[in-house]
Each structure stands twice: as C-alpha cells, then as structure tokens.
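The block underneath contains the structure these notes are about, expressed in structure tokens.
Given the structure is predicted, the values throughout are model-derived calculations rather than measurements. Side chains included, hydrogens not; waters and symmetry mates left out as well; all remaining heavy atoms used.
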Amino acid sequence: MTAALTTAQLTEKHLPTLDQALDAIRTRAYWSPYPEHPKAYGPEGIAGSLDAAAGQAAFDALRGKRFELDQPGTDGWTATEVSPFGLELGVEYPHADIDVLLPALRAAMPAWRDAGPRARAAVCLEILARINARTHEFAHAVMHTSGQAFMMAFQAGGPHAQDRALEAVAYAYEAQTAAPASAQWVKPQGKRDPLEMNKQFTAVPRGVALLIGCNTFPTWNGFPGLFASLATGNAVLVKPHPRAVLPLALTVRIAREVLREAGFSPDLVALAAERDGEGIAKSLALRPEIRIIDYTGSTAFGDWLEENARQAQVFTEKAGVNTVVIHSTDDYKGMLSNLAFSLSLYSGQMCTTPQNLLIPREGIATDAGHKTYDEVVADLATAVDKLLGDDARANALLGAIVNDGVKSRLEAAAQLGEVALASRSVANPDFPGATVRTPVIIKLDGAKPDSEAVYRSECFGPVSFAVAVDSAADAVELLRGTVRDKGAMTVGAYTTAADVERLVEEACLEECAQLSLNLTGGVYLNQTAAFSDFHGSGGNPAANAALCDSAFVATRFRTVEVRRPA
C-alpha cells in the first residue's frame, strides 16, 4: 500500500469526524466522539479497544522495563517517576542527544508541510483514534503519575483530553483552509490586455515545537498544543514533566507508529525525557530550532519563558487566584454541595479550583433564610465533611497528593488564619502508600493587611480561604484586583440580585476572566467542556492563551504565496 493511498484512506475514514468537530466549534453545542464511560471500551464496545482488564495488563507490562522508542540520538536511559499512590513504576525512557534529535525533527518537516492541512488532520485523527482505543491503559498511566483517582484519570486523562486535542485539530484545519490553495487573478486594464497571475497559497509551519508537560494533567494540558502544532505542519519535541513521563511517552510512541504507517517520517514527534535534576526545559526553550513552546506550570517559569524565549511563539498556562463571590442564592443546599465538590475534586490540584470565597461579613440571603458569614462557612465545611465522610467516596474524589510541595502548603495552611475545616488523612486500602488528604478551609478578614497578603497569592492544592468582605461591591473590587494582578482561570458568583450579577459580569469582561454564575447542579466551576467552553482566556496573567480558540493555532503557521504570470 502506497503512502498516498494510506493518506487517502485515513482522510476518508476520519473526514466525518473532522466535519462534526468543525461544526461543534462553530455552534459551541455539546458533542464528543470519545465515550467517557469505561464500559464503552473493549470487545463489546469500540472496535479494537482495550477493556478494563486488557488496559490494566497493558499498563502492568510497561512497569519495570525500558520504554523503547526508535528515535535518533539516544545516548542513555532515565527513570524519574514515582507514583503518588506508592506503586513501583520503574519505567526507563530513552535519553536523547538533542544535537542529534533536533536536526531529525527539522528534516522530517518538508514532506509533512507538503501533505497539506487535510492529510495532516486525518493523520492526527488516526493518532487520536488509536490513543482512544487504549484509554484504559492511559488511565492507569495518568493515575500513577498525576495522583488522579482512577475515574478522573480515565475521563480527564482519556476522552476529555482527546476531545481537547481534536478541538485543536479542528481550529488548525479551519485556520489553514481560510485561504484557498490556489487562485487565478485577473485585473482588467481597459483597452489593454488584462493582467493575469496564477497564485498558490501554502500553509507553512513555523518550525519545531516544544511541549513542556505538567505533572497534574499530562494529557489534558499537553494534547492541545501537541496536536495544534502537528496539524499545522510543525514537528513536536515532547519534554514531559519528570514525574509524569509515561502518558506522553505512550502518546509519542503511538504518533510515531501512525506517522510511519502513513508514509511520513516518525521523527515528526519525539520524546525528550530528562535525567533526575537535569532541568533541560530552559536550555531547550532557548534553542534557535525551537519556534513554538507550549507550557503548563508555575508562574515563575512561565514568565521566564515569555521573557526569554524570544525566538519562539510561547503559549503559557500558569497560575492564578480563582475566586467565587457569594452574595445570595435561591438554592443554598445546591450551592454548598456544588462548592464542596469543586473544592474536593482531585484534592484541589486543578488550575481551575476555587481558592478565594468572598462572603459579605453581614451574611447572605438564601432560600433557607438569612445566613451569617460564620454560618455560611460552617455549613460549607459540613458539606465538605459530608461529601468526604465515607473513605471509599473520598478516595474516589480526592485521588492522591501529587508532590511534597502541595503537601507542605496544605500542612502550613493552618498558620494562615482561623481553621474552619481541618484537613484529615484518608487511608487508601488499595494503595497504602498513597498520601490522601481532605481540603482545609481558612477564615480570613479581607480588611486586614496580613490577610490580604495571604488571599492575593496562589496556594495550589486543597486550601481555600473564606474571606469576609464589607459588601458585594467590595467583593467585586477585590475580585478585579486579584484577576488583574494575579490572574484567574475561573471566576464564580452566586447572586439573586441583577445589579450584583451585572457588576461581576462587567468585572470579568473588563479583566478577561471566564465566569460561571449560580452553579448548583452537576456542572462545576473547575470543569470545562471541549468544543464549548474556553479554558482560560489568554487575557489575564493566569494564561496567555485559551484552550482552544483561533488564536491558539493561528501563529503556529504562516501562509506563503507563490505567484506566476498566467
């Protein structure tokens, strides 16, 4: 079978999915081609996919072995991962000589560029289809590198991450096909012969892209940039977080297999695993070959990338202070339940987890009567306790603490103010080595300068601050200040007053922050849906890009024109 035939077959196979994805990003309606229920996979479900037992077996087969990748420049092996659940992984990855690997990536790009947007999209969708078929295997890989509980690792690390990747491919395809591939240009000249030109327009990749992976969501945060760059013709060098290599290593392996089968160089996608303490992200980011960088992680390194990697287009998702204004509600029980879940999910280790809860010190109006500030905080603490009172349910929601930094912040939180809800340890019978902690809620007076220093700084992890404020207007001004200075991935508000709703909405529009109003049901502040919700805005310090929009793909390529007289 020739490469051209293979590409044509992939295009025929995946064009309906691409068309549906293009429709979804235009309508913003619910849609997903990847089932989020574990039972959808296996012999009785998606053809060729692994069921739960096969996925577990595939993951187990990776442990304690070398992860072979036939990529150029391997000069040794490295193993840096430790499961937050205490499971021994022992996977060794090829360590690359970057001076050998980068030229191979660059050499692979011309044929990929010439294939055109449709063929590239089809190959990307085939990669995603094969990843999707191995969702159970990916779920274990994500779980044991990020600390996510299994169901969250399955959904967020599997189909939801795949959705975001497909969304990026759709935006990339739409952007690249905005101009026609060719045009005949005829300009009348009166009595003279017209001027005639034949013009060709080619989407040209920017260069080698560097993906710097994160520890907490290696696929969900990594896939959009990876697939946006690949779909726009760039080669991608994947530099995983040293504690979360396996999910992205599996991705690289599958991508290389598909590229080779489709007749392209597998070196369009390669892995750059680092040795313990090597810290290669900085040196890679400054290489002249690197023209695109996607990064999720700390504000300090994100700022450094934006300031120093001048040769590259840098996309960052950093950190922020996510805030909820609690003014009034017509569903007090639903509000408490929704907030309790948002604070607890994945032990608060999400960039969208609410941190500051701004509550008027005189209390709030509810359908259950007036509630004082102290009552609201106490009732929220009770709701969290009730949600996590059963250890089995707590483990399913909390997962494990991902690293010592989160654990240290959690343990130090009690010194920051009055403890309204103390954190407790939860035993995990399946993984005795797991560090599992419930959230802590700290009461602060927003008017005190020492409190201001606390709630205006991000405290990543299961720590939230119930901040007493003078009024709704005071809460909105505090919200404005934190978003402007520190950024926010998400903002929430509860109010039954139209004027307060307008104040919050106007603040979010001016400070460019994504807002959720009066969530009391099964949609939570820290969850976003691909094809519909924008994750981040790119307009405040928390992130300089949104997942996904046209701006996320547009600067990954340029349109080059070749014109000839007709």
Side-chain angles (χ1 to χ4, degrees), residues 17 20 30-63 83-87 89 125-167 216-223 244 246-251 253-254 341 344-347 349-350 387-388 390-400 402 426 428-431 434 436 522-524 526-532:
T17 302
Q20 287 180 285
Y30 171 77
W31 176 74
S32 172
Y34 307 121
E36 63 180 7
H37 197 287
K39 291 185 178 179
Y41 298 86
E44 304 302 319
I46 297 171
S49 64
L50 302 181
D51 62 13
Q56 175 77 65
F59 168 72
D60 289 338
L62 297 169
R63 295 167 54 197
S83 169
F85 289 94
L87 192 72
L89 295 179
L125 265 63
E126 178 64 18
I127 295 170
L128 284 171
R130 297 195 191 183
I131 290 172
N132 176 252
R134 295 168 64 175
T135 293
H136 272 286
E137 179 183 3
F138 270 80
H140 291 286
V142 171
M143 174 181 179
H144 287 290
T145 53
S146 71
Q148 295 175 32
F150 178 79
M151 186 55 72
M152 184 176 186
F154 183 93
Q155 293 182 337
H160 296 173
Q162 296 152 21
D163 282 339
R164 282 297 185 193
L166 177 55
E167 183 182 26
T216 49
F217 287 89
T219 56
W220 200 99
N221 278 111
F223 279 8
L246 185 55
L248 291 178
L250 285 168
T251 303
R253 178 184 276 177
I254 293 170
F341 187 92
S344 302
L345 186 62
Y346 186 32
S347 301
Q349 298 169 126
M350 303 174 69
L387 177 68
L388 303 176
D390 176 76
D391 281 2
R393 182 166 56 185
N395 276 304
L397 284 174
L398 295 170
V402 67
V426 179
N428 187 321
D430 296 323
F431 301 102
V436 185
V523 176
Y524 301 96
N526 45 359
Q527 296 175 320
T528 58
F531 307 106
S532 186

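- In this structure, Phe341 CZ and Gln527 CD are separated by 5.5 Å, a value rounded to the nearest 0.5 Å.
- To the nearest 0.5 Å, the span separating CG on Leu87 from OG1 on Thr145 amounts to 11.5 Å.
- For the pair Ser49 (side chain) and Gly42 (backbone), a donor-acceptor distance under 3.5 Å is present.
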For Leu397 and Leu387: C-alpha separation, side-chain torsions, deciding distance, then whether side-chain contact (heavy atoms from CB on, under 4.5 Å) applies.
CA-CA 9 Å; Leu397 284 174; Leu387 177 68; 3.7 Å; yes

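- Of the possible polar contacts, one joining the Ser347 side chain to the Leu398 backbone as a donor-acceptor pair under 3.5 Å is found.
- Annotation: His144 is in aromatic contact with Phe431 [ring centroid separation under 6.0 Å].
- One finds the CG atom of Leu166 at 5.0 Å from the CG atom of Leu125 (value rounded to the nearest 0.5 Å).
- With hydrogens and angles left out, the side-chain atoms of Thr528 and Arg164 include a donor and acceptor closer than 3.5 Å.
- Contact annotation: the side chain of Leu246 never approaches that of Leu89 to less than 4.5 Å [non-hydrogen atoms, C-beta and beyond].
- Panel note: side chain Gln162, backbone Gly158; a donor-acceptor pair is recorded below 3.5 Å.
- Checked by atom type and distance alone, the side chain of Asn395 pairs as donor or acceptor with a backbone atom of Asp391 at under 3.5 Å.
- Residues that satisfy the side chain to side chain donor-acceptor pair (under 3.5 Å) test with Arg134, not counting sequence neighbours, are Glu137.
- Here the side chains of Asp163 and Phe223 are not in contact, with every heavy-atom distance at 4.5 Å or above.
- At a threshold of 4.5 Å between non-hydrogen side-chain atoms, the residues Tyr524 and Leu345 do not count as touching.
- Between the Thr219 side chain and the Gly157 main chain, a donor and an acceptor come within less than 3.5 Å of each other.
- A pairwise comparison of heavy atoms in Ala396 and Ala149 identifies O-CB, 3.2 Å as the closest pair.
- Side-chain contact between Leu62 and Leu250 is present, with heavy atoms from C-beta onward closer than 4.5 Å.
- In terms of modelled atom types and a separation under 3.5 Å, the side chain of Gln349 and the main chain of Val402 share a donor-acceptor contact.
- A donor-acceptor pair under 3.5 Å links the side-chain atoms of His136 to the main chain of Pro38, judged by distance alone.
- Side chain of Gln155 to backbone of Glu36: a donor-acceptor contact under 3.5 angstrom is found.
- Exactly one residue among Tyr34, Phe59, Tyr41 makes a ring-ring contact (aromatic ring centres under 6.0 Å, His included) with Phe154. That residue is Tyr41.
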